[in-house]
Structures are given as C-alpha cells and as structure tokens.
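To start, the structure under review is shown below, and the notes come after it.
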There are 2 protein chains.
Amino acid sequence: MEKHSKKRDAIYDIICSTKSHPSAEWVYTQVKEIHPDISLGTVYRNIARFKEEGKIITVGVVNGQERIDGDTSDHCHFVCTHCGAVIDAGAPDVTDTYSQVFKDIGCTPERHNLVFYGRCHDCTGKRS
Amino acid sequence: MEKHSKKRDAIYDIICSTKSHPSAEWVYTQVKEIHPDISLGTVYRNIARFKEEGKIITVGVVNGQERIDGDTSDHCHFVCTHCGAVIDAGAPDVTDTYSQVFKDIGCTPERHNLVFYGRCHDCTGKRS
DNA sequence: TCAGTAATAAGAACCGTTACTGATTTACGA
DNA sequence: TCGTAAATCAGTAACGGTTCTTATTACTGA
C-alpha cells in the first residue's frame, strides 16, 4: 500500500519537468517555491526512493554533486567542464560491442553510463 | 623546473603499480608502508596534481569515493555494484559515432568516460 | 652556508549526504 | 465524517570524503 504524498509528487514533477539534470540542492530550491516548509532531507530521501524504484537515474557526480535525470530512457550525456551543465547526447548502442569483453572477464553488466566531457555551446571560446 | 619529491614519486608509483583503480584512502595506506609519516592531505594534493598534469585519470565515484587510474590509455571500466571492484574492460571507439550528435548540440567533447555496472566474476551468484 | 621556494604534516574546516527523533499527514475502514 | 495505524515529514545532528590552513621541513642554486 503505497501512500501518496504531495511533496513527493512535487519533487518528482520538478525532476521530470526539467532537462537540466539537476542536483538535490537545485530540486530543493525549486520545490521550496511550492512547499516552503520542505526539508532538504525529504528531497534526498525521495530521490533515493525514486532511484530504487527505477523512476530516475543518476547521471554522475559533477563538482562533487550528484546529478539526476527523470528520463530513464537509454541515452548518454555531455558534461561541460566549464559551467557544469549536463546535456543529453543521444542514445548509444555500445553494449553489443562489449559483449565479448564481458564474457572474457566474467562480468555481467546490467547498465552502463557514457559521459562525454568538454565545453558546451555557450562555453566554447570563453577565456577563463 | 619540477622539484624532486620522494613521496610524490612513491604515490605515483603505487597508483601505476596496481590495476585496482584505487581510492585516495587506499593509496594513502599503501604509501604509509614506505613513508609512515605521509599525510592524507599529501596524497590528495598530489593526486590533484597528477590529474592536472594528465598523468592519471579519474574513473568515477564508487560508494562516495573517487577512483583513479594510472593507465591513461583509451579504455573503459566495469564497476561491480556488489563489492565495488573496478575492472578494465577494453577500449571503446564511440567518439566517431557521436560526432554528428555533438555538431547538432554545439558541444566540443575532449574526453569521455564509459562505465558499465553489474556484478563482477566473483560476485555473480552471491546472495546478498 | 644561506636565502628563497616548493613540499609537507597535522588537523581543522568544508560541504554534500545520511541518520535520527518526534510531530504531522495519509489511507482506509467504521 | 471520524479514528487509527502506518507512512511521511521537518529539523537537526552526525558522518565521511575532500579541501584548506598554518607551521615546519626539504630541496635548489648561489
């Protein structure tokens, strides 16, 4: 019997309504506009729950903060090393390429994460 | 003019002499056997330096700890979600596949990181 | 030897995240 | 619409990996 929670729904809605691949902190500030009494712990707790339920995925850690994605479809990401933006970058099909490799080392891959690093469109050409 | 440092050399040697893709903590305990007065801060500082110099790369964050690799050649990794082991998994050739994607979104990738997750050979079939 | 500079040890500070506790909200049957 | 139990939450303390600070030490060239 899964109980519903307005705050949990709000957290999930905000995660799914953005393509910015947000951090917990960002989600927290956004939910706070709707539920000013929300706690950062609630955001973390529900993000962990969504991950366990497979409703969201983690993109990776950028500048020490974990970034999440409400889009669980098979796709990879581009991380700007200058401004920290995380951008969708299409769907890979690399698993087949590596099937023999994993047979050799006896590993059973369940998922993978392909991340490119570089400068995003806005940061290309910037000085510092 | 790069100055000589026995401890820095020891840190680098240990990183390069293992294929375990260690954490800073692991490197610290290893260097401590040679230099008992080594400081954890020194390990972190020199790891950061090696990264800047391009002498090592970071594999990713496993269980909250950053894992590094002295092998800077083009290859990807397998992370065991059960025991946390990081294993080399051959060389990818995915950049070409994505060249058009990056033209579309205007990003200039410099490097990438492909990580597979699952159970390693030893952990396949284990219960908990 | 000496001055100047880089590297270091020790530990405090930092910061994202997690755990805990008591209060509040939710689902659901009466 | 109530009452009740379980789920959820706010607030906050604690945790742990990493970074920063400061005093000290080691190295280099003169």
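Throughout, a chain's letter reflects where its sequence line sits, starting with A, and its residues are numbered from 1.
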Quiz prompt | N/O (side chain, B/N63) to phosphate O (OP1/OP2, D/dG16) under 4.0 Å | solution = no
Quiz item: Of the residues in residues 25-45 of chain A, which ones touch DNA chain C at a heavy-atom distance under 4.0 Å?
Solution: A/L40, A/Y44
Practice problem: Measure the spacing between CD1 of B/I87 and SG of B/C80 and express it to the nearest 0.5 Å. | Solution: 7.0 Å
Quiz item: Out of D/dA10, D/dT8, D/dT18, which has the shortest distance to the side chain of A/R8?
Solution: D/dT8
Quiz item: Given atom NZ of A/K51 and atom C1' of C/dT17, what is their separation to the nearest angstrom?
Solution: 10 Å
Quiz item: Can you tell me how far P of D/dT18 sits from CD of A/E66, to the nearest Å?
Solution: 14 Å
Quiz item: Would A/R49 and A/K55 count as a side chain to side chain contact (heavy atoms under 4.5 Å, CB included) if you check the C-alpha gap in whole Å, the side-chain angles of each, and the deciding distance to 0.1 Å?
Solution: CA-CA 9 Å; A/R49 170 192 270 242; A/K55 294 168 75 177; over 6 Å; no
Quiz item: Looking only at side-chain N and O atoms, does A/S5 come under 4.0 Å of OP1 or OP2 in D/dC9?
Solution: yes
Practice problem: Give me the ring orientation class for A/F116 and B/H112: parallel if the planes are under 30° apart, tilted from 30 to 60°, perpendicular past 60°. | Solution: tilted
Quiz prompt | Interatomic distance where NZ belongs to B/K6 and C1' belongs to D/dT25 [whole Å] | solution = 13 Å
Quiz item: Do A/I47 and A/L40 belong to the same hydrophobic cluster, where Ile, Leu, Val, Met, Phe, Trp and Tyr are linked whenever their side-chain heavy atoms lie under 4.5 Å apart, directly or via other members?
Solution: yes
Practice problem: Please report, rounded to the nearest Å, how far the C1' atom of D/dA10 is from the CD1 atom of A/I11. | Solution: 12 Å
Quiz item: Between atom CG in A/D9 and atom C1' in D/dT8, what is the gap in whole Å?
Solution: 12 Å
Practice problem: Tell me the partner of D/dA30, counting only Watson-Crick (N1-N3 plus N6-O4 or O6-N4) or G-U wobble (N1-O2 and O6-N3) with both under 3.5 Å; none if nothing fits. | Solution: C/dT1
Self-check item: Spacing of B/N46 atom CG relative to C/dA6 atom P, expressed in whole Å
Solution: 15 Å
Practice problem: Output the single nucleotide from C/dA7, C/dT17, C/dA27 whose closest atom is nearest the side chain of B/R49. | Solution: C/dA7
Quiz item: Between B/K7 and B/D37, is the closest basic N to carboxylate O distance under 4.0 Å?
Solution: yes
Quiz prompt | Pairs flagged by ring pair (Phe, Tyr, Trp, His ring centres under 6.0 Å) wherever residues 26-56 of chain B is involved - sequence neighbours left out | solution = B/Y12-B/F50
Quiz item: Among all residues two or more places apart in sequence or in another chain, which pass the side chain to side chain donor-acceptor pair (under 3.5 Å) test with B/T42?
Solution: B/R45
Exercise. Grab the NZ-C1' distance between B/K7 and C/dA10 for me, whole Å please.
Key: 12 Å
